[in-house]
*Asks:* 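This is the structure I have questions about; it appears just below.
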Amino acid sequence: MTRTQVIVGRLLLLCACLLFWEFAAGDLISGVRLVDPFFISSPSRIVLDLHKGFSDGILLKDVGITLFEAFAGLAIGMVTGVAAGLAFGMWRPLELIAEPFMAAFNALPRPAIAPLTVLWLGIGLASKVLLAWSLVFFLVFYNTYLGVKTIDQDIVNAMRVMRATPAQLIRIVVFPSVFSWIFAALRLSVSYALIGAIIGEFVGATAGIGYQLIAAEGLLQTDRVYSALVLVGIIAVLLTTLAKMLENRILKWRPPVSV
Amino acid sequence: MSEVTISAQQAKPAALIEARDFSVILGANRLVALKGVNLTVEAGEIVVLVGPSGCGKTTFLNSLCGLLPPSAELSGSLTVAKDVRLGYMPQKDALLPWRTVLGNVEVGPELRGLSKADRLAKAEPLIELVGLSQFRNHYPHELSGGMRQRVSLARTLAYEPDVILMDEPFAALDAFNRTALQEEILRINDKTRLTVLFITHDLSEALVLGRRVAVMSNRPGRIVDIYPVDLPEPRSAAKLRGTDAFLLLFQKLWNVLMEESDPTKRGEA
Ligand SMILES: Nc1ncnc2c1ncn2[C@@H]1O[C@H](COP(=O)(O)OP(=O)(O)OP(=O)(O)O)[C@@H](O)[C@H]1O
Ligand SMILES: [Mg+2]
């Protein structure tokens with residue numbers, strides 16, 4: 001299929017879904033409805049609510065706060081994850097001793113930890129950053145670690161014959177070859193960071209999209225719940241597309257990967 | 001590792017590599033890969049090493065490069081002259097896929113700590129020499145096998161090694177590309193005397209390139225004999241092949257090699 005055909009197809013599918021939703025909620029043909037919009041809202045109601053929310057300035061502020069938390073968690077998670085992944089991949093004793101602990105920590109369910117992070121760091125931004133970090137870190141860590149483990153040994157040998165120092169080996173071989181793994185992690189990390197921040201806001205917060213979601217659910221404001229969800233979806237798509245573009249740009253030495 | 005010295009000692013002035021009664025035992029099952037190898041490579045000569053598959057040729061190169069597994073047991077002596085830079089060109093090119101042709105060729109000078117300008121000054125003429133100027137900004141995945149091996153050759157030369165170790169570098173290439181690259185090496189050698197230890201299975205390649213051809217025995221490998229190749233200079237891969245002198249030498253080496261490859265003669269130690 002050509003690129004245009006794919007895009008047109010996607011738009012058609014989206015329109016069909018939205019139309020059916022609008023119809024089911026009874027907002028397309030008055031008098032005909034399948035489900036009470038109290039449960040499922042409807043596209044037109046969501047648009048109205050988003051408009052209202054943004055003109056109040058409330059939603060914009062919340063989006064900003066959630067993005068800030070997610071990006072802080074993402075940045076710290078990337079840096080620490082890459083560092084830990086390199087250390088594990090290149091220093092065998094550390095790998096042997098600490099690997100099971102990493103696996104155990106990674107398996108902890110984040111919603112269960114969320115209340116603890118609030119307990120430790122309070123109701124402010126820090127607890128959400130920590131939660132976002134805890135998701136991003138392990139993803140980046142495992143990708144970097146795998147990246148180091150799968151480095152082409154022939155290349156390493158060629159460099160060693162040319163008397164590469166350990167520092168040169170890291171700069172010229174290790175970093176570039178784990179880069180593709182780190183970037184593969186970046187795309188998923190963006191979504192993970194967002195999820196982490198939002199879960200954190202569920203548990204205890206005074207602002208953020210997650211906070212708006214929970215608050216609206218408490219007040220049975222279905223339209224607001226849906227518009228918050230739509231916002232999260234749009235932000236996630238925008239950010240992962242950005243990450244993907246960055247990846248293709250930076251990894252232009254690879255045979256191009258579609259998707 | 002045992003008592004062996006893979007050291008940088010001052011050897012006789014001309015011998016850059018000298019193996020004396022050099023043996024290697026590999027792995028947990030203590031396989032004797034090399035037993036009593038005697039071989040010298042002198043400055044400015046191309047020595048070709050031929051031998052049956054699995055006889056330990058790669059093991060010998062790896063010993064020189066320090067690439068044997070830590071479990072390997074070495075004995076005898078293997079000496080690389082003091083301050084000799086070794087270049088290694090493997091069968092499978094080990095190009096950096098994230099670097100362009102230019103970036104790959106620059107890697108040797110870069111590792112030696114040269115400035116950006118100096119690296120470029122070393123790399124550019126070599127890329128030109130192997131005929132890839134138009135491809136200097138291409139990535140390895142955009143090149144054919146023959147072109148990649150050319151880049152690998154340019155990279156090895158750009159490191160300015162005193163001795164170049166080549167392990168069947170053209171084995172994966174088609175006959176046309178192989179001959180072209182052999183010509184390239186001869187051409188470069190006419191300009192700047194190279195010191196090369198070249199491994200191959202291809203006897204005509206051995207005779208085209210080598211000033212001396214060392215024949216290795218079946219495993220455990222040792223040098224059975226060394227044959228001087230007195231063919232007219234300057235050489236040309238295409239022209240040499242049909243000549244009587246060439247065919248005579250070819251036949252002689254072929255017979256020796258057949259004898260050595262005979263499985264019934266295999267003496268396990
Ligand atoms: N790491 C290792 N551990 C144990 N045995 C090994 C190891 N590497 C190679 N060998 C064995 O050592 C012997 C010599 O191997 P080597 O690769 O040096 O042969 P070769 O002469 O280069 O063969 P070819 O011409 O096929 O490349 C072989 O029998 C091989 O099975
Ligand atoms: Mg070999």
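Every chain is numbered from 1 and lettered A, B, ... according to where its sequence line falls, protein lines coming before strand lines. Note: hydrogens, waters and symmetry copies are ignored here, and every other heavy atom, side chains too, is used.
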*Asks:* Please classify the contact between B/Tyr159 and chain A as side chain, backbone, both or neither, with a heavy-atom cut-off of under 4.5 Å.
*Replies:* side chain

*Asks:* For residues B/Leu111 and A/Gln168, report the shortest heavy-atom separation together with the two atoms involved.
*Replies:* O-NE2, 3.0 Å

*Asks:* In terms of heavy-atom proximity below 4.5 Å to chain A, should B/Pro90 be classed as side chain, backbone, both, or neither?
*Replies:* neither

*Asks:* Is the CZ atom of B/Phe170 crowded by more than 12 outside heavy atoms at less than 6.0 Å?
*Replies:* yes

*Asks:* Might you point out which heavy atoms bring A/Arg163 and B/Val84 nearest each other, and give the distance in Å?
*Replies:* NH2-O, 2.7 Å

*Asks:* Can a donor-acceptor pair be found, under 3.5 Å and without considering hydrogens, that links the side chain of B/Trp98 to the backbone of A/Val173?
*Replies:* no

*Asks:* A/Thr165 versus chain B, heavy atoms under 4.5 Å apart: side chain, backbone, both or neither?
*Replies:* neither

*Asks:* Are there over 12 heavy-atom neighbours, none belonging to A/Phe54, within less than 6.0 Å of that residue's CZ?
*Replies:* yes

*Asks:* Quick one: does A/Val161's side chain get under 4.5 Å of B/Leu165's, heavy atoms only?
*Replies:* no

*Asks:* For residues B/Arg155 and A/Ala158, report the shortest heavy-atom separation together with the two atoms involved.
*Replies:* NH2-CB, 3.7 Å

*Asks:* Below 4.5 Å from any heavy atom of chain A, which atoms of B/Leu95 appear? Answer side chain, backbone, both or neither.
*Replies:* backbone

*Asks:* List the atom pairs, with distances to 0.1 Å, where a side-chain N or O of residues 93-100 of chain A and a protein N or O form a donor-acceptor pair under 3.5 Å, not counting sequence neighbours.
*Replies:*
unit_1  : atom_1 : unit_2   : atom_2 : d
A/Glu95 : OE1    : A/Arg92  : NH1    : 3.1
A/Glu95 : OE1    : A/Lys149 : NZ     : 3.1
A/Glu95 : OE2    : A/Arg92  : NH1    : 3.3
A/Glu95 : OE2    : A/Tyr145 : OH     : 2.8
A/Glu95 : OE2    : A/Lys149 : NZ     : 3.4

*Asks:* Under 3.5 Å, side-chain donor or acceptor atoms of residues 73-83 of chain A against the rest of the protein: list the pairs with distances, not counting sequence neighbours.
*Replies:*
unit_1  : atom_1 : unit_2   : atom_2 : d
A/Thr80 : OG1    : A/Ile76  : O      : 2.7
A/Thr80 : OG1    : A/Gly77  : O      : 3.4
A/Thr80 : OG1    : A/Trp133 : NE1    : 2.9

*Asks:* By a 4.5 Å heavy-atom criterion (distance strictly below it), what part of A/Ala164 contacts chain B: side chain, backbone, both, or neither?
*Replies:* both

*Asks:* Give a yes or no on whether A/Phe183 atom CZ has more than 12 heavy-atom contacts from other residues, nucleotides or ligands under 6.0 Å away.
*Replies:* yes

*Asks:* Examine whether an atom of B/Glu110 lies under 4.5 Å from a heavy atom of chain A, and if so say whether it belongs to the side chain, the backbone or both; otherwise answer neither.
*Replies:* both

*Asks:* Around atom CZ of A/Phe179, are there more than 12 heavy atoms of other residues, nucleotides or ligands at under 6.0 Å?
*Replies:* no

*Asks:* By a 4.5 Å heavy-atom criterion (distance strictly below it), what part of A/Asp154 contacts chain B: side chain, backbone, both, or neither?
*Replies:* both

*Asks:* Go through B/Leu96, B/Thr156, B/Leu86 and name the one with the most non-hydrogen pairs under 4.5 angstrom from chain A.
*Replies:* B/Leu96

*Asks:* Under 6.0 Å from the CD atom of B/Glu142, do we count more than 12 heavy atoms belonging to anything else shown?
*Replies:* yes

*Asks:* So, do A/Asn157 and B/Cys65 sit near enough that their side-chain heavy atoms are less than 4.5 Å apart?
*Replies:* no

